[in-house]
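Below you'll find the structure, written out as structure tokens, and then a few comments.
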Amino acid sequence: MLKIHNTLKREKQEFKPIKPGQVSMYVCGMTVYDYCHLGHARVMVVFDMVYRWLKVSGYEVTYVRNITDIDDKIIRRAGENGESIHSLTQRFIDAMHEDADRLGVQRPDHEPRATQFVPEMLNMIERLEENGLAYQAADMDVNFAVRKFPDYGRLSGKSLEDLRAGERVEVDANKHDPLDFVLWKHARSGEPEEVQWDSKWGKGRPGWHIECSAMSSRLLGEHFDIHGGGADLQFPHHENEIAQSEGANRCRFVNYWMHNGFVRVDNEKMSKSLGNFFTIREVLGKYDPEVVRFFILRAHYRSPLNYSDAHLDDAKDALSRLYTALKNCSGHCEVDWNEPFALRFKAAMDDDFNTPEAVAVLFELANEVNKGQAAAAQLKALGGVLGLLERDAVAFLQGGNGGAGDDAISARIQARNEAKKAKNYAEADRIRKELLDEGIVLEDSAQGTTWRRA
RNA sequence: GGUGCGUUAGCAAAGCGGUUAUGCCCCGGAUUGCAAAUCCGGUCAGCCCAGUUCGACUCUGGGACGCACCUCCA
């Protein structure tokens, strides 16, 4: 039985879906004004793993991951580029899909864009106003009145007093409370037509938080099972989502909140503002996408994950061990869930998606394979549950970063084999050394000589 | 200042009140023409201080250090 760590309670809880056999899941996705970095890769891979495991567990899952395609940074970037909002966001949505595909991330069932749900957002703001939770300020912005929502702070475990003590909240004379947040941003002079929508409060555009409330309730219902995202979204974004959704719909919003840990660089959070980020495509220029995926999944999703080339190298060597065990295994394989390793794998995954433990089972299985061979199909099948080990093993091992072409390698292997046959070991070793210097490792076996990239 | 999380062997990273985590690296052996891969074995842990317990890496309390959130951020 699946247990999920619920941020709301800060403990693992048995997962019980609202509708038996069905799971509704919403994950906060990207603001598309730039390429995705490794932090984004982690959210995508982690919740892809969750999505896959729920499906393997027999649930019918509806997975929604939104796209924020309207916000201050997008408007600014488009202005800098002299490009339309739509052209900018479309470019980076395409790039995001490219990155996600390479990482083996399955497409969510819905990827709603904020700009396509403005009427739903306006409707929700109107209901908040009716419920006394929203007000239009002197500057014409429509704000959420945090003081009117008694549960505010429940998710992040903060009280309004704690939050104010931080003194980091900007004082805005237009707001009833400094923590009130914008639902509808009144059009500023100089902003392009493209970012203005009509509303009963005047022309303007939605605040950041309202899109997730409006789109989730439209696509999944007012009350759904799982809501996920990066740990940095816990406050204020998810806190505000709860306030908006429960304030407008007058019912429980989400049962299970999941937050993944950060990717770090030199022990510091990787982020745009710190400028210490690596884009996914940058990293994929140096490492195989599956190595990156493996790197993410070998750590628990809630733990911090330090990025460095040394760690990626380590991940590559480890993944190679698994693929080496699968050299003679090809085709699609089905998991035998009655077998002991699979049961341990399942127990690990059911324990709050403990992928490090599940991966450890994979390695133990690889050891069995290397001793016998019978377990190969099971290893491949279980890897597949995590979106790993699905490629041809030899292709993976020979993948690498280019270098000598396959034909040239085969020719030299043949020359070496002839030298070996003639007992000219000096020549044979010379060829081996020559290939090794190019990053090609030769492996002799009873079945002949094979090669892989170091 | 407030709040939360973390500190495991050379590196990475899990579970668990008493029994080998796992991977990479390293050492020895087997295997090999030599290698590589693989197998077998080995070295190397639990920030500090108290407490609970027959027994704690695992529970409790205190301390130190690190990270994060309180502003946009996955």
Side-chain angles (χ1 to χ4, degrees), chain A residues 7 10 27-31 36-47 65 68 71-73 153 156-170 178-179 208 228-237 239 259-264 267-274 277 294-295 298-300 302-306 308 310-322 324-325 327 344 347-348 351 354-364 366-367 369-372 397 420 423-426 428-429 432-433 436 440-446 449-452 454:
Chain A
T7 308
R10 289 168 207 288
V27 171
C28 288
M30 262 55 74
T31 301
C36 291
H37 64 235
L38 231 41
H40 301 120
R42 191 174 191 189
V43 191
M44 292 197 282
V45 169
V46 160
F47 286 100
R65 190 185 61 213
T68 300
D71 98 316
D72 289 350
K73 291 186 289 292
S156 49
K158 299 172 192 298
S159 69
L160 286 169
E161 286 64 37
D162 291 344
L163 288 163
R164 303 184 75 168
E167 291 178 18
R168 295 175 69 181
V169 183
E170 248 177 77
L179 289 162
W208 173 39
D232 45 1
L233 296 184
Q234 202 173 306
F235 189 92
H237 184 56
E239 197 72 70
H259 292 96
N260 66 273
F262 300 127
V263 175
R264 294 181 183 176
N267 239 32
E268 259 188 340
K269 176 185 174 184
M270 178 183 288
S271 75
K272 292 258 166 147
S273 38
L274 286 171
F277 62 90
F294 177 80
F295 167 69
R298 82 199 293 222
H300 187 84
R302 284 189 282 114
S303 302
L305 179 61
N306 259 308
S308 75
H311 296 159
L312 267 289
D313 288 337
D314 186 80
K316 175 181 180 266
D317 290 340
L319 184 59
S320 296
R321 175 174 165 79
L322 295 179
T324 300
K327 269 170 103 172
R344 285 176 53 208
D351 182 15
N354 191 338
T355 54
E357 186 72 36
V359 166
V361 172
L362 258 31
F363 281 100
E364 290 179 41
N367 181 251
V369 174
N370 290 332
K371 282 192 281 194
L397 295 168
K420 273 174 67 181
K423 303 245 189 256
N424 184 355
Y425 292 121
D429 290 348
R432 178 207 294 291
K433 176 73 166 51
L436 188 60
I440 308 296
V441 180
L442 298 188
E443 297 179 347
D444 295 331
S445 77
T449 301
T450 58
W451 65 273
R452 65 183 168 86

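The sequence lines fix the lettering, A, B, ..., with proteins before strands; numbering per chain opens at 1.
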Separation of atom CZ in A/Arg42 from atom P in B/A68, rounded to whole Å | 14 Å
Minimum-distance nucleotide (side-chain atoms of A/Lys73 versus B/C72, B/A68, B/A12) | B/C72
Classify every nucleotide of nucleotides 27-36 of chain B by which part a protein heavy atom approaches to under 4.0 Å, writing B for the base, S for the sugar-phosphate alone and - for neither, in 5'-to-3' order.
-> ------BBBB
Please report, rounded to the nearest Å, how far the C1' atom of B/C40 is from the CG atom of A/Asn367.
-> 10 Å
Does the side chain of A/Lys327 come within less than 4.5 Å of A/Thr450's, by heavy atoms?
-> yes
Of all the nucleotides listed (B/A21, B/C72, B/G23), which has the minimum atom distance to the side chain of A/Asp314?
-> B/G23
Rounded interatomic separation in angstrom, taking CG from A/Leu312 and P from B/C11 | 18 Å
Backbone N/O of A/Ala366 and side chain of A/Asn370: donor-acceptor pair under 3.5 Å = yes
Charged N to carboxylate O under 4.0 angstrom, A/Arg344 versus A/Glu364?
-> yes
How many angstroms lie between NZ in A/Lys433 and CG in A/Leu442, if you round to the nearest 0.5 Å?
-> 13.0 Å
Here the distance between atom P of B/G4 and atom CZ of A/Phe262, to the nearest Å, is 17 Å
Could you grab the distance from atom CZ of A/Phe295 to atom CZ of A/Arg42, nearest 0.5 Å is fine?
-> 8.0 Å
Give me the ring orientation class for A/Trp208 and A/His237: parallel if the planes are under 30° apart, tilted from 30 to 60°, perpendicular past 60°.
-> parallel
Interatomic distance where CG belongs to A/Asp232 and C1' belongs to B/C72 [whole Å] | 10 Å
Expressed in angstrom and rounded to an integer, what is the separation of A/Phe235 atom CZ from B/A68 atom P?
-> 18 Å
May I have the distance from A/Arg298 (atom CZ) to B/U22 (atom P), rounded to whole angstrom?
-> 14 Å
Taking the side chain as every heavy atom from C-beta outward, state whether A/Lys269 and A/Asp232 have any atom pair closer than 4.5 Å.
-> yes
Between B/A74, B/A13, B/C40, which one does the side chain of A/Asn260 approach most closely?
-> B/A74
What integer distance in Å separates A/Asp317:CG from B/U22:P?
-> 18 Å
Taking Watson-Crick and G-U wobble pairs with both distances under 3.5 Å, convert RNA chain B into its dot-bracket string, 5' to 3', dots for unpaired and | for cross-strand pairs.
-> (((((((..(((.....[...))).(((((.......)))))....(((((..]....))))))))))))....
Contacts of A/Arg321 meeting side chain to side chain donor-acceptor pair (under 3.5 Å) (sequence neighbours excluded), chain-then-number -> none
